[in-house]
Amino acid sequence: MDDLYLRNAAKPTGEMGTEVLTRMNEHHKELADWAFSHVSIAHDATALDIGCGGGANLERLLNLCPQGTILGIDYSPTSVQMSIEHNQAAVDAGRLSVQEASVDNLPFADSSIDFVNACETVYFWPHVVHGLAEIHRILKPNGTLLIICEMADPHDPRFAGVNYLTVYEPEELHSLVRQAGFTGAELFKQDEQFCIVASR
């Protein structure tokens, strides 16, 4: 896999980053459709998309939670800008807020979020256990975390020597989620892709 493309998948920047984000919005739709079929979200939920990328899953959450408050974070300014532009009407209406932030230090109060989605982003978290603990902190009791991954082979030769990406086997990531304090964690697989649904 082209290193420039992969680096822009990790942290989109400039024109190449915008191109990668546009592809992600299209390419991840079927994966997200499948993963979101495993969760139920209240219409008035406060929902957060971590690593919101090009904004497609923010749009999904806006549709699923028509009376809710939707939040997005990404550590890429390019992603934040594109997510806002993709959902400009919701931002203008005060239904959506997107900001630059890291999963390592989530800018939200304890027990303040009903639902957290992390689609195709966990590979790039510098400290996955700490990130999971941060999500656990901000979720309300009985709040839900959905992690979505299409890559499940740590030995994939495309990523050999790539030091800014970690691919997790499904069972390994499932175990880390449980170690972070989540209960009722369920693992779902479809071909090579998988998702984890966990409750605080």
Side-chain angles (χ1 to χ4, degrees), residues 8-122 124-125 131 134-140 142-150 195-200:
N8 273 279
K11 189 171 186 178
T13 304
E15 289 186 16
M16 171 62 86
T18 300
E19 179 183 335
V20 169
L21 290 168
T22 300
R23 291 186 192 177
M24 285 180 174
N25 276 353
E26 299 168 356
H27 175 71
H28 294 157
K29 182 182 183 304
E30 289 187 11
L31 172 65
D33 285 345
W34 168 76
F36 270 85
S37 72
H38 297 289
V39 296
S40 177
I41 312 171
H43 285 188
D44 61 350
T46 298
L48 169 65
D49 188 20
I50 292 177
C52 54
N57 280 324
L58 290 172
E59 180 182 7
R60 180 188 300 273
L61 289 170
L62 286 162
N63 291 330
L64 289 172
C65 309
Q67 285 84 49
T69 299
I70 310 304
L71 307 165
I73 68 156
D74 204 293
Y75 74 158
S76 159
T78 301
S79 295
V80 171
Q81 179 181 350
M82 186 164 174
S83 283
I84 291 171
E85 292 174 354
H86 186 84
N87 299 282
Q88 190 67 59
V91 173
D92 293 343
R95 289 202 56 221
L96 170 65
S97 174
V98 186
Q99 61 183 303
E100 187 178 341
S102 168
V103 68
D104 275 350
N105 186 23
L106 294 173
F108 307 105
D110 295 359
S111 304
S112 61
I113 309 292
D114 296 295
F115 176 84
V116 173
N117 171 59
C119 179
E120 286 288 276
T121 180
V122 70
F124 307 114
W125 295 1
E134 271 289 275
I135 294 170
H136 189 275
R137 176 185 66 79
I138 66 167
L139 274 173
K140 295 178 182 178
N142 300 315
T144 300
L145 166 64
L146 173 63
I147 297 176
I148 308 171
C149 298
E150 69 174 354
C195 70
I196 296 170
V197 180
S199 299
R200 179 181 165 188

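Reckoned from all heavy atoms, side chains included, excluding hydrogens, waters and symmetry mates. Position 1 is the first residue of the sequence; numbering continues from there. Keep in mind that this is a model prediction, so the values were computed, not measured.
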Rounding to 0.5 Å, atoms CZ (Phe108) and CD (Gln99) come to a distance of 5.0 Å

Just by modelled atom types, is the Ser76 backbone N or O under 3.5 Å from a matching donor or acceptor in the Glu100 side chain?
-> no

Asn117 versus Ile50: any side-chain heavy-atom pair under 4.5 Å?
-> no

State whether the side chain of Thr18 and the backbone N or O of Gly14 hold a donor-acceptor pair below 3.5 Å, judged by distance alone.
-> yes

Nearest-0.5 Å distance, NE2 of residue His38 to CD1 of residue Ile148 | 9.5 Å

Are the side chain of Asn8 and the backbone of Met16 linked by a donor-acceptor contact shorter than 3.5 Å?
-> no

Pair Val122-Cys149, side chain to side chain contact (heavy atoms under 4.5 Å, CB included): steps then yes or no | CA-CA 8 Å; Val122 70; Cys149 298; 3.6 Å; yes

Grab the two heavy atoms, one from His86 and one from Gly55, that are nearest each other, plus how far apart they are.
-> CD2-O, 3.5 Å

Derivation and outcome, side chain to side chain contact (heavy atoms under 4.5 Å, CB included), residues Arg200 and Lys140 | CA-CA 7 Å; Arg200 179 181 165 188; Lys140 295 178 182 178; 5.7 Å; no

Can any side-chain N or O of Thr121 pair as donor or acceptor with the backbone N or O of Ala118 at less than 3.5 Å?
-> no

Residues Glu26 and Arg23 bridged, charged N to O under 4.0 Å | no

So, Asp114 side chain and Ala45 main chain: donor-acceptor pair closer than 3.5 Å or not?
-> no

Heavy-atom side-chain contact between Val20 and Met24 under 4.5 Å | yes

Taking all atoms of both residues into account, what is the closest heavy-atom pair of Ser83 and Val98, and its distance?
-> CB-CG1, 4.1 Å

Flag side-chain contact, heavy atom, 4.5 Å: Ile147 against Cys195 = no

Just one of Ile41, Leu31, Val197 clears the side-chain contact (heavy atoms from CB on, under 4.5 Å) bar with Phe36, so which one?
-> Ile41

Which residues pass the salt bridge (charged side-chain N to carboxylate O under 4.0 Å, His left out) test with Lys29, sequence neighbours left out?
-> Asp33

So, for Asp74 and Cys52, which heavy atoms are closest and what is the spacing to 0.1 Å?
-> OD2-N, 3.2 Å

Would the number of heavy atoms belonging to other residues, nucleotides or ligands and lying under 6.0 Å from CD of Gln67 be above 12?
-> yes

In terms of side-chain heavy atoms, does Ser111 have a donor or acceptor partner in Arg137 at a distance below 3.5 Å?
-> no

Between atom CZ of Arg60 and atom CD1 of Ile70, what is the distance when rounded to the nearest 0.5 Å?
-> 12.5 Å

Exercise: identify the closest heavy-atom pair between Asp104 and Glu134 = O-CG, 3.6 Å

Sole candidate of Ile84, Leu48, Asn63, Asp49 that passes side-chain contact (heavy atoms from CB on, under 4.5 Å) when paired with Leu58 | Asp49

Should Phe124 and Lys11 count as side-chain neighbours, where that means a heavy-atom distance under 4.5 Å?
-> no

Can you see which heavy atom on Phe115 is nearest to which on Leu61, and at what distance?
-> CE2-CD2, 3.8 Å

Side chains of Glu85 and Val91: does their closest heavy-atom pair fall under 4.5 Å?
-> no

Could you walk me through whether His43 and Leu64 pass the side chain to side chain contact (heavy atoms under 4.5 Å, CB included) check?
-> CA-CA 6 Å; His43 285 188; Leu64 289 172; over 6 Å; no

Do we see a donor-acceptor contact under 3.5 Å between the side chains of Asp92 and Gln88?
-> yes

Could you go through the side chain to side chain contact (heavy atoms under 4.5 Å, CB included) check for Thr144 and Val116 one step at a time?
-> CA-CA 6 Å; Thr144 300; Val116 173; over 6 Å; no

So which heavy atom on Leu21 is nearest to which on Pro12, and how close?
-> CD2-CG, 3.6 Å

If you round to the nearest 0.5 Å, how far is CG of Leu106 from CG of Leu139?
-> 9.5 Å

